[in-house]
Number of protein chains: 2
Amino acid sequence: MSTRRETVRQALTGCTGFRSAQDLYADLRAGGSKIGLTTVYRALQALSDSGEVDVLRTDDGEAVYRACDSEAHHHHLVCRKCSTAVEIEGPAVEEWAAEVGARHGFTGVTHTVEVFGTCAECARS
Amino acid sequence: MSTRRETVRQALTGCTGFRSAQDLYADLRAGGSKIGLTTVYRALQALSDSGEVDVLRTDDGEAVYRACDSEAHHHHLVCRKCSTAVEIEGPAVEEWAAEVGARHGFTGVTHTVEVFGTCAECARS
DNA sequence: CCCCTTTTTGACAATCATTTTCATTTTCTC
DNA sequence: GAGAAAATGAAAATGATTGTCAAAAAGGGG
């Protein structure tokens, strides 16, 4: 329950899209905070470890985070331009993944599923 | 049709799983090749640009490559331990992704889907 | 074959996100 | 309030990936 971690969590909660550690650090500094970059990284690490935020990797390997509404397992529909994300569910996909894994004799099957596109907002401009 | 690119392609074709640029470089050097690391990166870049190899990112952001049999759109069932991969298909997933994107007003919808687990081979040991 | 242009190559330096280190500050507990 | 434990942040270290640039290889006429 550190103050800094809470600061980072709130900064992230105020965003609709995925943000990188560097982004959040810049946001916080711009907002007057004296937080250090290392602390932002540590906070995000802790938050994602505890499952409070979701992480994914951009095409160029950068980690981006999001504070989602749902605590349950879900996926994302992410805008390629503004990175805004919508939480989505796909029961059929869950089953398919588990089934395909089992069929090939794999155990402890998990999956990553993300959908990308250009949101209506960005398509306009 | 450079010799080096062909060398890298073949090295990758001989693998069943996903391999990083660093891995391939080490393999090639161990096999007596005098290839440079930069060239391995360039070859992989070109091969993935032309769609001849598939790329994905490990949890820690490293890019890993695979020369797949299928040239068509497909996904992978990847072993968490040995990185061996099986090419899989999921028509239902394709449709679901497209539908979910459209429903939220997104255009140019694409998706990434990977399934992970421990293969039968690795589960044994 | 030889000369010249174009492409490819590779050693090395530069980037950039992320992690480590370590000394300082803050928070907790008694 | 004192002392131990956890959190913080500045700066250095790491590690994958990319940029630079000069040398080497490949083509293509003549």
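Between Phe18(B) and Leu56(B), the closest side-chain pair of non-hydrogen atoms falls below 4.5 Å. Between Cys122(A) and Arg80(A), every side-chain heavy-atom pair lies at or beyond the 4.5 Å cut-off. Inter-residue side-chain proximity for Val55(A) and Val64(A) is flagged as unmet; no heavy-atom pair is nearer than 4.5 Å. In this structure the side chain of Leu12(B) never reaches within 4.5 angstrom of the side chain of Arg66(B), judged on heavy atoms. Residues Leu28(B) and Val8(B) meet the side-chain proximity criterion, which asks for heavy atoms closer than 4.5 Å. Put simply, the side chain of Glu87(B) reaches to within 4.5 Å of the side chain of Asp69(B), judged on heavy atoms.
Atom CG of Asp60(A) and atom P of dG15(D) are 21 Å apart (whole Å). As a whole-Å value, the separation of Asp59(A) CG from dT18(D) P is 12 Å. Remark: P of dT8(C) and CG of Leu44(B) are 16 Å apart, rounded to the nearest angstrom. To the nearest angstrom, C1' of dA16(D) lies 14 Å from CD of Glu62(A). As rounded to whole Å, 18 Å separates atom P of dT14(D) from atom CG of Leu37(A).
Using the six-membered ring where Trp is involved, His75(A) and His111(A) have ring planes that are tilted, between 30° and 60° apart.
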Below 3.5 Å between N/O atoms, which protein atoms pair up with nucleotides 22-25 of chain C? Just atom names and distances, please.
none

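Using a 4.0 Å cut-off, no side-chain N or O of Arg5(A) falls inside it from OP1 or OP2 of dT8(D). Proximity of Thr39(B) to the phosphate of dG10(C): a side-chain N or O atom is located under 4.0 Å from OP1 or OP2.
Glu62(A) has no carboxylate O lying under 4.0 Å from a charged side-chain N of Arg57(B), or vice versa, which leaves the two without a salt bridge.
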Problem set entry | Steps toward side chain to side chain contact (heavy atoms under 4.5 Å, CB included) verdict (Trp96(B), Ile88(A)) | CA-CA 11 Å; Trp96(B) 167 81; Ile88(A) 57 179; 3.8 Å; yes
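Of the residues in residues 8-36 of chain A, Lys34(A), Ile35(A), Gly36(A) come within less than 4.0 Å of DNA chain D through at least one heavy atom, sorted by number.
The base of dA11(C) lies close enough to the side chain of Thr38(B) for a donor and an acceptor atom to sit less than 3.5 Å apart.
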